[in-house]
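Written out below as structure tokens is the structure these notes cover.
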Amino acid sequence: MAGAGLAGSLLGVLLSRAGFKVSLYEARPDPRKVGYEEGRSINLALAERGLHALRQAGLEREVMAQAIMMRGRMVHVPGQTPQLQRYGLDDSEVIWSVHRGRLNLAMLDACEAAGANVHFGCAAFNFDEHNKRLRLRDRSGKERSAGYQVLVGADGAGSAIRAAMEMRIDLGEVVEPLGHGYRELEIPPGSNGEFQIEANALHIWPRGRYMCIALPNTERTFTVTLFLPNQGPHPSFATVNDGDKAEAFFAREFADAQPLIPDLGLHFDERPVGQLATLRLRRWHYGPHAVLIGDAAHAMVPFHGQGMNCAFEDCTALARQLQQHDDLEQAFSAFEAERLPNAKAIQDMALENYLEMRDRVDDADYILQRQLEQLLAKRHPGRFVPRYSMVSFTRVPYAVAQARGRVQREILIEATRGLDSIEQVDLTALDQRIRAELLPLD
């Protein structure tokens, strides 16, 4: 397997436990010895799909011991008291903030404990499908090869295995840059050593074309992420391009956050701008020779918090198909047929969620629709299930969540059109419509 990041190490655990002999080849040095690399998003949102995979790998307890519950979005609007918009109905429906680096370290330990061999400083760059040899290059540039029976590309959005497959077969690769980037900052603990703002929430400062968010860490810090367009005369990383301008920008646009971020300008200058894009493929496998999972197959923007969860769901699906099919072509084809439509659905929903987070969460019509959505979820449990709940708190296929979400959104829009309060909604007529248009979820 190429790649020993989150998806690769989890698949390594699952396959090793199933009796496969697993070797992983990772381009980076061992992060347990040299520390975790910087420059990637520090926090990840863990939801039910990811939790299910961790349970199968026996890792749930260890990971959850370092996770922080997030009940919903704490929305910061200028001149108003921050308001919590819950993700679900109660504390049984929450997501969890986890540290990418610590999670990867724990999973590498588990991968090796399960019997897998992890080789660091070995970058896969091609493969020989006829002799079943994976071609590798160490950090000094020396080349070698290793044998394999099943080749999995879990080597991220810049996947070398995907590039090697593309030389042999048309994967239909399309990369869609978002045109927006991000920079990460930090809110440290207060003078009392505690969180300076509400700990159990994802904080968001929506500002139309851009936004700022903050996720909690176990060290009582928050990772702050600023999302801006890359170019343009309005606020963008082309105009907010150094620490002094960032200080002034935060003081003007995020006035309640700016005092919480000491050394904002210094850290702004030190940390790179991360880029955001969606990677789409028409196919994920090359005959019986190789298959892609995670970001190597379907990198997405982070605004639904599902990149890791989707990758983990890939791992459980591929492990299951490899156990059910002796023929690799059949296993890879079944895996692709199951997962590719669902990956496309969550990629689309993640893009939609960016618009919602930065531009709609403080709109009166959106707030009214959210109130009605939660009321209908209580009145019709298992039938009217908010799209966010289907995505984050269940393992309903993403494509099903997307399709039902479209129907439910139309119901909410039509039921609240021209209204100012939930008391004006004709709930009797709405109940009848829901029973007619939405079958109960299995």
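- Both tests do not hold together for Arg360 against Tyr366: distance to the six-membered ring centre under 6.0 Å, angle to the ring axis within 45°.
- Using a 4.5 Å heavy-atom threshold, the side chains of Glu173 and Leu279 count as touching.
- At least one cation-pi condition fails for Arg404 and Phe384: the charged atom is not both under 6.0 angstrom from the six-membered ring centre and inside a 45 degree cone around its axis.
- Between Asp155 and Arg162 there is no salt bridge, since no side-chain nitrogen of the basic residue lies less than 4.0 Å from a carboxylate oxygen of the acidic one.
- Side-chain atoms of Glu253 and Gln258 form no donor-acceptor pair, as typed in the model, at a separation below 3.5 Å.
- Separating the CD atom in Glu93 from the OG atom in Ser392 is a distance of 9.5 Å, to the nearest 0.5 Å.
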With a cut-off of 3.5 Å and sequence neighbours excluded, list every side-chain donor-acceptor pair involving residues 261-274.
{"residue": "Asp269", "atom": "OD1", "partner": "Gly243", "partner atom": "N", "Å": "2.7"}
{"residue": "Asp269", "atom": "OD2", "partner": "Gly243", "partner atom": "N", "Å": "3.4"}
{"residue": "Arg271", "atom": "NH1", "partner": "Glu184", "partner atom": "O", "Å": "3.2"}

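- The closest side-chain heavy-atom distance from Tyr398 to His304 is not below 4.5 Å.
- Annotation: salt bridge (Lys or Arg N to Asp or Glu O under 4.0 Å) contacts of Asp426 (sequence neighbours excluded): none.
- Annotation: Tyr87 is not in aromatic contact with Phe393 [ring centroid separation under 6.0 Å not met].
- With sequence neighbours left out, Arg71 forms a salt bridge (Lys or Arg N to Asp or Glu O under 4.0 Å) with Asp91.
- Using bins of under 30°, 30° to 60° and over 60° for the plane-to-plane angle, the ring pair Tyr210/Phe249 lands in the tilted bin.
- Surrounding CD of Gln275 are more than 12 heavy atoms belonging to other residues, nucleotides or ligands, all under 6.0 Å away.
- Side-chain contact check for Phe222 versus His203: some heavy-atom pair is nearer than 4.5 Å.
- Side-chain contact between Phe237 and Leu226 is present, with at least one heavy-atom pair separated by less than 4.5 Å.
- The six-membered or imidazole ring of Trp284 lies away from that of Phe332, with a centre-to-centre distance of 6.0 Å or more.
- Residues Met74 and Ile204 are not in side-chain contact: their nearest non-hydrogen atoms beyond the backbone lie 4.5 Å or more apart.
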inquiry  = Arg387 vs Glu352, test: salt bridge (charged side-chain N to carboxylate O under 4.0 Å, His left out). Steps then yes/no.
reply    = CA-CA 12 Å; Arg387 190 180 83 173; Glu352 292 170 13; 2.8 Å; yes
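- Few gaps surround CZ on Arg370; more than 12 heavy atoms of other groups in view lie less than 6.0 Å from it.
- A salt bridge does not link Glu373 with Lys378: none of the charged nitrogens is closer than 4.0 Å to a carboxylate oxygen.
- Around atom NE2 of His234, no more than 12 heavy atoms belonging to other residues, nucleotides or ligands sit under 6.0 Å away.
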